[in-house]
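Everything on this sheet refers to the single structure shown next.
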Protein chains: 2
Amino acid sequence: MTRSPLAPAAFPDLPVIEGVRFAAGAAGIKYADRTDVMLVELAQGTTVAGVFTKSSTRSAAVRDCQRKLGNDAPEGRAAILVNSGNSNAFTGAAGDQSVAAICDATADALSLDPGRVFTASTGVIGERLPHDRIVGKLADLSQNLTDAGLEDAARAIMTTDTFPKGACATVEIDGTPVKIAGIAKGSGMIAPDMATMLVYLFTDAKMSQPALQALLATLTDQTFNCITVDSDTSTSDSVMIAATGTSGVDVTDSAGFTKALHGVMLDLAHQVVRDGEGATKFVEVRVSGAASDEEARTVGLSIANSPLVKTAIAGEDPNWGRIVMAVGKSGAQADRDRLTIRFGDITVAENGWVAESYSEEAGAAYMTQQELLIAVDLGLGGGMASVWTCDLTHGYITINADYRS
Amino acid sequence: MTRSPLAPAAFPDLPVIEGVRFAAGAAGIKYADRTDVMLVELAQGTTVAGVFTKSSTRSAAVRDCQRKLGNDAPEGRAAILVNSGNSNAFTGAAGDQSVAAICDATADALSLDPGRVFTASTGVIGERLPHDRIVGKLADLSQNLTDAGLEDAARAIMTTDTFPKGACATVEIDGTPVKIAGIAKGSGMIAPDMATMLVYLFTDAKMSQPALQALLATLTDQTFNCITVDSDTSTSDSVMIAATGTSGVDVTDSAGFTKALHGVMLDLAHQVVRDGEGATKFVEVRVSGAASDEEARTVGLSIANSPLVKTAIAGEDPNWGRIVMAVGKSGAQADRDRLTIRFGDITVAENGWVAESYSEEAGAAYMTQQELLIAVDLGLGGGMASVWTCDLTHGYITINADYRS
């Protein structure tokens with residue numbers, strides 16, 4: 001698959017997080033000789049938190065993680081095992097058996113409690129996961145664990161992704177550097193709440209499991225739940241964070257750590273949009289003046305999910321009438337005569353009509369850019385939100401009209 | 001534009017409705033020499049009802065109709081004036097002035113009360129309607145009114161439509177035939193509640209305005225609000241019905257009339273889907289076993305609006321996993337292990353997994369058909385709903401990525 005034109009120049013140089021080791025391998029789950037399994041080992045004392053898809057048809061692995069998180073004892077070591085090529089979703093009781101088999105085998109290979117093994121699977125829905133192939137690779141994987149393996153891990157969890165996704169930050173707290181590194185996969189079936197999206201975050205900060213869980217949930221709402229590629233939501237979405245505590249710095253209630261983690265998560269969220277299937281434009285939809293933040297997000301998502309807006313962007317057509325349409329259909333409070341629409345710094349429409357200063361040429365020239373800002377002010381209150389999306393192109397149709405064959 | 005492959009063989013032979021006369025003309029609103037105005041004159045005593053878009057940015061014409069309907073005196077004659085080429089939506093106070101100018105000129109030309117003139121405009125949003133061109137055609141139009149002009153009228157209101165849409169029924173009530181004829185336009189920006197869709201229904205039945213309004217609202221929910229092309233909702237959607245009473249038959253509470261009108265409206269709704277932009281497949285999504293009818297409709301629309309489901313259909317890929325995904329994301333109550341999915345008569349999935357009898361070959365063969373039934377039973381209760389949609393193809397992208405230029 002051709003690398004997305006919106007991809008970052010290179011994979012970032014991620015820091016080593018003490019207490020975290022990675023291995024990646026090719027288990028032949030869907031294709032031979034393709035890296036499709038990632039194993040992560042987490043040192044004793046690591047706390048783990050997770051946020052998952054709300055789908056009522058979510059996968060067996062998601063259900064298993066939800067059962068375990070918060071009930072696990074952080075005293076022991078922990079592990080994360082992820083495969084691509086098969087999502088093990090809608091596979092009935094056999095799906096639960098596969099998860100149990102993988103957890104047991106991982107626990108055996110690393111000599112730890114199966115209650116501390118967290119798994120995820122991504123790929124085709126409804127086909128039985130050949131878990132024996134994963135189990136058969138575990139001895140290999142556990143012998144190849146290395147603290148420098150994060151980029152390989154990012155590659156192992158890719159499906160229709162055209163580039164591996166990583167982000168990092170180092171923040172100094174009370175004179176000690178605290179590190180955060182994260183990887184993500186996802187390019188289609190991306191929408192609030194979440195995406196065919198797997199995200200793994202690692203930090204050497206110290207935080208209790210309940211505090212880590214609360215922080216992750218809050219920041220997920222501000223980042224991964226504000227992106228949309230196609231309005232579809234996967235059965236396997238997972239965002240997990242592991243805090244090893246090896247820096248010795250307790251970051252509970254640290255504004256600096258929260259800001260740094262937010263930055264890493266937003267960076268990864270943007271990379272997922274940048275790899276949106278068929279995407280050629282990266283678009284921020286910024287809504288202000290709404291009756292509430294929630295209403296601003298509703299309007300933003302209505303614009304960002306509108307096929308007519310997304311195809312206009314693909315065609316570099318400054319068709320702001322479709323933005324008016326998307327505001328109108330959102331269900332949020334709006335008043336035609338108070339609405340202002342801007343493309344970047346260009347005022348397009350205000351006071352219920354096209355702006356006097358606006359020219360179609362200026363709008364058309366703006367739309368040729370690869371990175372776009374669509375700003376909408378509703379003129380009603382102080383509610384604000386930004387959401388991020390991409391355009392809807394022939395590439396999306398080509399990728400998705402023939403994914404399984 | 002090439003005629004949709006899903007179009008009916010021919011425009012139906014619509015009956016003359018006594019008391020209704022039509023004229024169509026070319027006012028040059030967007031293109032020269034293209035029929036773009038329709039005028040309808042309604043005899044004295046005709047009751048008129050309408051259902052409109054719920055968009056908060058709805059057009060000036062829609063607001064004007066909403067103000068007038070139910071407050072008008074059925075004793076006088078009435079008129080409907082519709083233009084294509086420009087929607088007169090998001091045109092500020094100028095938009096209201098255009099509507100007033102058109103209503104006044106129509107009232108003058110036909111010597112009737114401007115409070116009984118109902119207008120609609122469809123086409124590009126945000127550009128000032130050149131209403132003088134319409135006003136300048138009114139003398140012409142009023143001299144060419146004919147009771148046989150319904151097919152020309154259907155053509156006058158087309159925008160990106162590839163075929164004119166008409167449907168009719170005659171039902172015998174107490175020994176007297178009562179006639180219904182309707183026309184519609186719409187092919188993109190089609191979704192509940194409604195569409196860039198204009199529908200005009202005419203009958204020689206007799207019914208009070210409040211009863212006609214209630215019946216139209218109920219039947220619109222069961223027909224036009226159950227179709228979706230792209231989940232987008234227009235600022236101009238209007239469904240209007242005019243009952244001349246010329247048959248002398250009062251149809252209040254007549255089950256036969258209700259059924260016939262439902263049939264005409266469903267036929268027109270299906271034709272709108274069949275003309276869905278770029279459509280190559282006509283799809284019924286039938287949901288049963290839901291906790292309520294409302295939940296069944298939610299699940300049906302989640303499937304029918306999913307870009308991943310719609311692209312799979314375009315690719316003739318029996319990717320039922322995406323249907324599981326769409327059920328899961330709908331927010332409606334669902335239980336993986338009680339879900340049954342069928343393609344036509346083929347059971348694809350049941351009891352939380354692929355059906356034992358299912359073969360990919362059978363599924364793939366089914367998907368090659370032009371008319372598809374996707375049936376989902378949730379196994380929870382008695383709630384049922386059908387929604388209708390089409391596939392999402394390269395044709396949709398081509399049409400919408402370059403509509404304005």
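What you see is a predicted model; the values in this text were computed from it and never measured. Below, read A as the first sequence line, B as the second, and so on, with proteins coming before strands; counting in each chain starts at 1.
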Problem - Residues forming a side chain to side chain contact (heavy atoms under 4.5 Å, CB included) with Asp337(B), sequence neighbours excluded - result: Asp335(B)
Practice task
Counting only heavy atoms closer than 4.5 Å, note whether Ala364(B) contacts chain A via side chain, backbone, both or neither.
Solution key: neither
Handout entry: Straight-line distance of Glu277(A) CD to Thr311(B) OG1, nearest 0.5 Å
Key = 8.5 Å
Handout entry: Closest heavy-atom pair and its distance - Gly126(B), Trp353(A)
Key = O-NE1, 3.4 Å
Handout entry: Interatomic spacing from CD1 in Ile397(B) to NZ in Lys310(A) - rounded to 0.5 Å
Key = 10.0 Å
Handout entry: By side-chain hydrogen bond (donor to acceptor under 3.5 Å, both in side chains) - contacts of Glu316(A) (at least two apart)
Key = Lys281(A)
Problem - Separation of Phe90(A) CZ from Leu339(B) CG (nearest 0.5 Å) - result: 4.5 Å
Exercise for the section: Measure Thr393(A) against the heavy atoms of chain B and call it side chain, backbone, both or neither at under 4.5 Å. Expected result: backbone
Practice task
Take the angle between the ring planes of His394(B) and His394(A) and call it parallel below 30°, perpendicular above 60°, tilted in between.
Solution key: parallel
Practice task
Using a cut-off of under 4.5 Å on heavy-atom pairs, state which of Val354(A), Ile313(A), Leu392(A) scores highest against chain B.
Solution key: Leu392(A)
